[in-house]
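Chain A is the first sequence line, chain B the second, and so forth, proteins listed ahead of strands; every chain is numbered from 1. Just so you know, these numbers use all the heavy atoms, side chains as well, and skip hydrogens, waters and symmetry mates.
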Number of protein chains: 2
Amino acid sequence: MLATISQALPRLSPSERRVGHWIIEHPKEAANITLARLARECETSEPTVVRFCRHVGLGGFRELAIRLTEALSSPTTYVHRDVSPDDSASDAVIKVMDASIQSLIEMRSQLSSMPIDEAVIAMKSARQIAFAGLGASGHVASDACHKFFRLGIPCSSLSDIPMILQFAAITQPDDVLVLLSHTGRWQDFARAAKLAKARGASVIALTNPDSDVAREASLLFPCPVIEDTSVYTPMSSRLAQLALLDAIHVALALAQGDTASENLRRSKDALKF
Amino acid sequence: MLATISQALPRLSPSERRVGHWIIEHPKEAANITLARLARECETSEPTVVRFCRHVGLGGFRELAIRLTEALSSPTTYVHRDVSPDDSASDAVIKVMDASIQSLIEMRSQLSSMPIDEAVIAMKSARQIAFAGLGASGHVASDACHKFFRLGIPCSSLSDIPMILQFAAITQPDDVLVLLSHTGRWQDFARAAKLAKARGASVIALTNPDSDVAREASLLFPCPVIEDTSVYTPMSSRLAQLALLDAIHVALALAQGDTASENLRRSKDALKF
DNA sequence: GGCCAACATGTAGTAAAATTACACCAATAA
DNA sequence: TTATTGGTGTAATTTTACTACATGTTGGCC
């Protein structure tokens, strides 16, 4: 959580940045401070603090308190430091691994606030599911597709803008569109989300909570953006997305009950030697 | 905290005991419920709930929320237990996440025994790199390809047997073939490895160390096989492979020095808005 | 049985805290 | 200049936790 905040700092307005700084410097006190006092402490107004919370992907000030106590009571190993050009190869490799582990741990701690049950319900009765992603997320999409289709639900993966928009334009009410994007900045994604939602389809987004795509989605799985401070920084957030999709996949399989076990076992048997 | 509550239960009045019971049965929801809703849920009044809090040694209702989130995000090491059909969705999701984290942690601890430097040397002077994988590993392969080509080295990804064999048959001494396989059981992979090695190419394998593919490779990155005891078990080993490739990628970029930063920055700039 | 005491519980009010709506101001582009 | 946008604060609204007080309910004692 603190990491999420410090990552968000650069793209916040001055007053909000003061709030972020104060929290990072006084995490203990921040955990159960009141809105009014925090505002006074940072020499700003209450709404600004609330806006700050929204910008770092929280629902409101109350959630901030919850997330902070959570963060403070879970030990943080595997802290991520940037890879620097004069690292030895082995140093660098360990740092990258730590960053990956860290991003998974962060995601784990946020699982409780994600709409997993809702997503499972939507997918369970879906006519078809489409996974859409560009670039690196495109691979995540096809991986997810490859995984979910084994549950017996028609799946497809879309990895270019025209296809995504076309798909969105012909969705039906019980279709599910899963949008994968790290930054959430692609305007066409937001457009596709709006389009699909207008036609009654469910739009699930795994993306930066502070983005147009996130705002247009019917269900949002917030994925913190790793700001690329260094060109060497790998795409750990992609790992987190994959793991999250794994988790949703299993939850869906459970919800399907016998059908799923049956389908999974059959598709595994087909690969036997 | 939950223990404290159940300990206190017997010496509480009936209504307060209902409150205690409900909290123990729904700890997750209890962590960020409102006073009014909790009272309604237990069919009692708000002051009773507050009195309950006082009786279990808390200052008030607000403190209850804090203590609960603390208790819930407690250490709980990331030990993996299999997902069972009668898990609730949230239980299952956490287990899957834990399994993923665990497999990354395991891989991290084995990094020192992996031939990273050798792999980097081979790749640095490679004429081309091909990543080969079938099924789920196919996605890992194309992901890796997408990542490494940005370092300026010609890359390709192969995801079916004929292509892999054909590629192996025409390799040249400074080509690198990266084989991705969970089990290492595909005989054709071992054949491709032998073929490519005979023509002088470097064969790097990310696979089960106890397999034919592993034995044929010139460089081996051992990836522990997760035995699929349950159909629900997700593909955490694939995550580990991805993370490992991330790490190698960064190590290679460092070894390339300025060239790599330059290439990476350029390919990033190409996506700017 | 009637009366009192102690406790349990709920009603209604209060103070504080979070959130929202709206207005203002400064910086920037037309 | 004027319009527009984004950042910010003021003030009103709603929600939330807590408190004071009233009402019942039980159990003992005369």
Do A:K95 and A:D98 pass the salt bridge (Lys or Arg N to Asp or Glu O under 4.0 Å) test, and can you show the C-alpha distance, the side-chain angles, and the key distance before you say yes or no? CA-CA 5 Å; A:K95 283 185 182 179; A:D98 281 355; over 6 Å; no
Worked check of salt bridge (Lys or Arg N to Asp or Glu O under 4.0 Å) between A:D210 and A:R11: CA-CA 11 Å; A:D210 181 31; A:R11 59 185 166 78; 3.2 Å; yes
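Listed for the B:E16 side chain is no donor-acceptor partner under 3.5 Å among the backbone atoms of B:L12. Without hydrogens or angle criteria, A:R199 side chain to A:A169 main chain gives a donor-acceptor distance under 3.5 Å. Side chain of A:S218 to backbone of A:V203: a donor-acceptor contact under 3.5 angstrom is found. With hydrogens and angles ignored, the 3.5 Å screen pairs no side-chain donor or acceptor of B:H146 with any backbone N or O of B:S142. The main-chain N or O of B:R40 is never found under 3.5 Å from a side-chain atom of B:T44 such that the two would form a donor-acceptor pair.
Annotation: A:K197, atom NZ; neighbour count of heavy atoms from other residues, nucleotides and ligands within 6.0 Å is above 12. At most 12 heavy atoms of other shown residues, nucleotides or ligands fall within 6.0 angstrom of atom CZ in A:R37.
Base-pairing analysis of DNA chain D finds the following stems of at least three consecutive Watson-Crick or G-U pairs, with both pairing distances under 3.5 Å: C:1-30 with D:1-30.
Rounded to an integer number of Å, the gap from CZ of A:F61 to P of C:dA18 is 5 Å. With rounding to whole Å, B:F52 atom CZ is found 18 Å from C:dG10 atom C1'. For A:I66 and C:dA18, the CD1 to C1' distance is 13 Å, given to the nearest whole Å. The interatomic distance linking B:E43 (CD) with C:dT9 (C1') rounds to 14 Å, in whole Å. Between the C1' atom of C:dC7 and the CD atom of B:E16 lies a distance of 11 Å, rounded to the nearest Å. The distance from atom CZ of A:R40 to atom P of C:dA16 is 13 Å, rounded to the nearest whole Å. Look at CG on B:L12: it is 14 Å from C1' on C:dC7, rounded to the nearest Å. The interatomic distance linking A:N32 (CG) with C:dA17 (C1') rounds to 14 Å, in whole Å.
Using cut-offs of 30° and 60° for the angle between ring planes, the A:F131 and A:F148 rings count as tilted.
In terms of phosphate contacts, B:S13 brings a side-chain nitrogen or oxygen within less than 4.0 Å of OP1 or OP2 of C:dT9.
For DNA chain D, the span of nucleotides reached by chain B at under 4.0 Å from its heavy atoms goes, 5' to 3', from D:dT16 to D:dT19.
Inspection of the A:T69 and B:T69 side chains reveals an N or O donor paired with an N or O acceptor under 3.5 Å.
Summary of the strand contacts: B:R62 and B:P14 both lie near DNA chain C, and taking for each the nucleotide with the nearest heavy atom, the more 5' one is attributed to B:P14.
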Base versus backbone protein contacts along nucleotides 20-28 of chain C [heavy-atom cut-off under 4.0 Å; B, S, -]: B--------
